[in-house]
Amino acid sequence: MDDSKGTDGSLLAISDLHVAYPENRAFVEGLRPDDDGDWLLVAGDVGERISDIEWALGLLNERFETVVWAPGNHELWTPHHDASQLRGDDRYRQLVQLCRRLGVITPEDPYPVWRGAGGPVTVAPLFVLYDYTFRPAHLSRAEALAMARESGVICTDEFFLHPHPYPSRADWCQARLRETERLLAARDPRLPTVLVNHFPLVREPTDVLYHPLFAQWCGTEGTADWHLRYRATAVVYGHLHIPRTSWHDGVRFEEVSLGYPHERRPRHRERPLRRILPYPRTGGSAEHSMGPGRPRDRGQT
Ligand SMILES: [Fe+2]
Ligand SMILES: [Fe+2]
């Protein structure tokens, strides 16, 4: 990809494709750019199997000028049925290598610059995971986990997302925070950014979760000021399966998930890709006026 040229087209985004579902797989097969210059930001949860992830990102990369990927929790699972049994950071590195072979940009690659309409902006895919700090303030980490377990909302990550070689997912998150801060500090400071992360960078979007205890698997307080510190013109995220636009400190946050087939409403199918740039500042379209989705019923994102 040559990031020195100007492009027509738009900076588009989606997440939570969950292509193990046949309906979602068919949806991905039907995804095409509107213009030759369209870029696609994929904010995690493409799937669980390496073969599924390779299929989806490979197909999208053939169709869009540039594809940028940030990992979701589902890619980082090690399912018993998967051909790869690598765990934790080893699996993440395997996914990065897979993306590089396909030509998809990862959090480990130089950040590309979008020079089309609404640019130039640095597009930064991030991988910072979560550290349970979004739990209810009056509960310790152990208490919040125990209550979630008793309530039946415990995240499947507890069984399939291994932190190897770190002692815990929270420790892995701390390492990712430090590494990602180092990478972001090295970007061109003259340009604003579009930050792409599977999990919301601020806590407020989790306030609408049907099960507040599930928020502990949804991000980290360590990124609370990143949208300001790194001059974000937009933050793209998923994971919650509650597609919507919200504003925090004057910065636009876009939850862009497709989600599971049973979660979708008819209008969501009409315009599946969210346009991040150029941003239509007047006459907001339906895709930009979505309210919170229906309450989450289980701890599966
Ligand atoms: Fe997720
Ligand atoms: Fe998801």
Side-chain angles (χ1 to χ4, degrees), residues 13-25 27-28 31 40-49 52-53 56-57 60 69-79 82 88 91-92 95 106-107 125-135 148 153-163 169-170 172-173 176 195-203 205-206 208-220 223 235-244 253-265 268 272-274 290 292-301:
I14 198 162
S15 73
D16 299 80
L17 293 169
H18 292 292
V19 300
Y21 289 84
E23 299 95 325
N24 286 21
R25 196 175 181 94
F27 172 89
V28 171
L31 277 181
L40 184 62
L41 313 177
V42 182
D45 277 6
V46 172
E48 297 83 23
R49 292 177 189 246
D52 280 347
I53 299 164
L57 290 180
L60 295 172
W69 167 80
N73 50 315
H74 280 242
E75 284 99 328
L76 298 171
W77 288 3
T78 307
D82 195 19
R91 184 175 176 92
Y92 172 58
L95 291 165
T106 78
L126 311 177
F127 170 40
V128 288
L129 205 60
Y130 54 78
D131 61 2
Y132 305 85
T133 48
F134 283 3
R135 67 183 183 272
V153 295
I154 195 161
C155 183
T156 311
D157 292 3
E158 296 295 313
F159 309 102
F160 292 114
L161 201 167
H162 306 286
R169 282 170 289 278
W172 193 6
C173 177
R176 289 304 314 183
L195 303 177
V196 184
N197 192 49
H198 183 58
F199 307 94
L201 294 182
V202 297
R203 182 178 186 144
T206 69
V208 297
L209 288 174
Y210 186 68
H211 291 293
L213 284 166
F214 191 76
Q216 59 191 306
W217 290 283
C218 295
T220 167
T223 59
V235 176
V236 175
Y237 69 100
H239 186 62
L240 303 185
H241 295 196
I242 304 174
R244 64 194 294 225
F253 279 60
E254 300 277 12
E255 209 280 12
V256 296
S257 59
L258 175 67
Y260 300 129
H262 69 272
E263 295 173 321
R264 291 202 286 279
R265 294 175 292 175
H268 195 187
L273 298 177
R274 191 81 54 89
M290 281 181 171
R294 69 185 203 180
R296 304 295 321 285
D297 52 2
R298 296 292 295 177
Q300 301 293 332
T301 54

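Atoms within each ligand, like the ligands themselves, are counted from 1 in listed order.
A centroid separation of less than 6.0 Å is found between the aromatic rings of W172 and F127.
Note that NE2 of H239 is 9.5 Å distant from CH2 of W217, once rounded to the nearest 0.5 Å.
Excluding waters, the set of protein N, O or S atoms lying under 2.8 Å from the Fe ion (ligand 1) comprises D45 OD2, N73 OD1, H198 NE2, H239 ND1, T301 O.
At a cut-off of 3.5 Å, with distance as the only test, no side-chain donor of Y130 or N73 sits close to an acceptor on the other residue.
At least one side-chain heavy atom of W69 sits under 4.5 Å from a side-chain heavy atom of V46.
Every residue two or more places apart in sequence or in another chain was checked for a salt bridge (charged side-chain N to carboxylate O under 4.0 Å, His left out) with R135, and none qualifies.
For the ring-ring contact (aromatic ring centres under 6.0 Å, His included) with H241, the qualifying choice from H18, H262, H198 is H18, the only one to do so.
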